[in-house]
Amino acid sequence: MVEGEADEESEDDAVECISDLQGDIGVDLSKIAQDYAQYLVVDSKRDKQLLDEKVESVGCRMEEMKNQLDWMKQSMSSNTQKTELLLENTKRLKELFQRVDQIEAFVNLVSKNVDVLEESVTNAEKTLDPSALQKMFKVLPGLSSKTTSTPSNWPRPEIFSTSEYFNPTSFSNPDVDNVHQ
């Protein structure tokens, strides 16, 4: 026997065997085979379409994520610049606060000296006669054209000297000068 003839014979035997089984059981095996064949059918067009939809969805999400990351980078660089500016302004504010504290201390000193002068003037008014006070006020520039000396019995109170607190360079403020230019 030749090989091709053997295959035909085995095929015929299988068909005969199947038809014998069909007759014995009363079941149509060809129908069962067709039903099982449907389970093995692969619809690649549908699967490809689903895969394409998923890939497109993932691509859209990645694009959204990229845009959010770009926005975050831009926001962070802007925040970094604002933070640096804030730190710089904080240093300038600390310097300004120190100057304000110094001015407050100076105002307190002037207030104390004014109180001492008021007390001294009140004591002088009580102890000196009115003509002596008139002589004392004539000494002050602008009140009289005559120059006389102060009465010797009136003790002059010690007060601050403005030259101790102000010098010509303290009146120039570079921040203010730059604004006016």
Side-chain angles (χ1 to χ4, degrees), residues 42-181:
V42 176
D43 185 12
S44 63
K45 289 181 183 179
R46 190 175 134 248
D47 290 342
K48 183 182 180 296
Q49 183 182 4
L50 289 173
L51 184 63
D52 288 344
E53 289 174 3
K54 295 289 183 183
V55 167
E56 187 177 332
S57 174
V58 167
C60 288
R61 289 182 187 167
M62 287 181 68
E63 183 68 27
E64 289 174 2
M65 186 174 218
K66 179 189 172 286
N67 290 338
Q68 285 180 349
L69 287 173
D70 290 343
W71 177 80
M72 287 173 58
K73 284 180 186 177
Q74 183 182 17
S75 178
M76 286 180 66
S77 69
S78 174
N79 287 344
T80 302
Q81 291 170 352
K82 289 177 183 176
T83 302
E84 291 172 359
L85 182 63
L86 185 64
L87 287 173
E88 180 182 317
N89 287 338
T90 301
K91 290 176 185 176
R92 291 173 58 193
L93 272 176
K94 285 181 182 179
E95 292 172 4
L96 183 63
F97 292 155
Q98 288 176 347
R99 291 178 77 181
V100 167
D101 290 343
Q102 290 172 349
I103 290 172
E104 285 179 351
F106 179 72
V107 167
N108 288 336
L109 177 70
V110 170
S111 175
K112 288 178 185 176
N113 282 313
V114 166
D115 291 342
V116 168
L117 284 175
E118 283 179 351
E119 185 179 326
S120 175
V121 168
T122 303
N123 288 339
E125 286 175 346
K126 289 179 185 176
T127 59
L128 299 175
D129 61 348
S131 62
L133 284 176
Q134 289 173 352
K135 289 179 186 176
M136 184 175 66
F137 284 119
K138 288 181 183 177
V139 174
L140 296 174
L143 294 178
S144 173
S145 59
K146 298 179 187 177
T147 54
T148 59
S149 63
T150 59
S152 60
N153 59 351
W154 182 66
R156 182 177 178 179
E158 290 293 321
I159 60 171
F160 70 94
S161 172
T162 55
S163 61
E164 294 174 5
Y165 296 95
F166 298 106
N167 56 23
T169 59
S170 69
F171 290 112
S172 66
N173 185 346
D175 294 334
V176 174
D177 293 342
N178 290 336
V179 169
H180 293 295
Q181 291 178 352

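No side-chain heavy atom of Val116 sits under 4.5 Å from any side-chain heavy atom of Lys112. Within the 4.5 Å cutoff, the side chain of Glu118 has heavy atoms near those of the Asp115 side chain. Counting heavy atoms from C-beta outward, Lys48 and Asp52 have side chains that approach closer than 4.5 Å.
Side chain of Ser78 to backbone of Gln74: no donor-acceptor contact under 3.5 angstrom is found. In this structure a side-chain-to-backbone donor-acceptor pair under 3.5 Å is missing from Ser57 to Glu53. At least one donor-acceptor pair under 3.5 Å links the side chain of Thr90 to the backbone N or O of Leu86.
Of the inter-residue distances, the one linking Leu96 atom CG with Asp101 atom CG reads 9.5 Å to the nearest 0.5 angstrom. We find the CE-CH2 distance between Met76 and Trp71 to be 11.0 Å, quoted to the nearest 0.5 Å. With rounding to the nearest 0.5 Å, the separation of NZ in Lys82 from CG in Asn89 is 13.5 Å. Rounded to the nearest 0.5 Å, atoms CD (Glu64) and CD (Gln68) are 7.0 Å apart.
For the side chain to side chain contact (heavy atoms under 4.5 Å, CB included) test with Val107, the passing option among Val110, Leu109, Ile103 is Ile103; the others fail.
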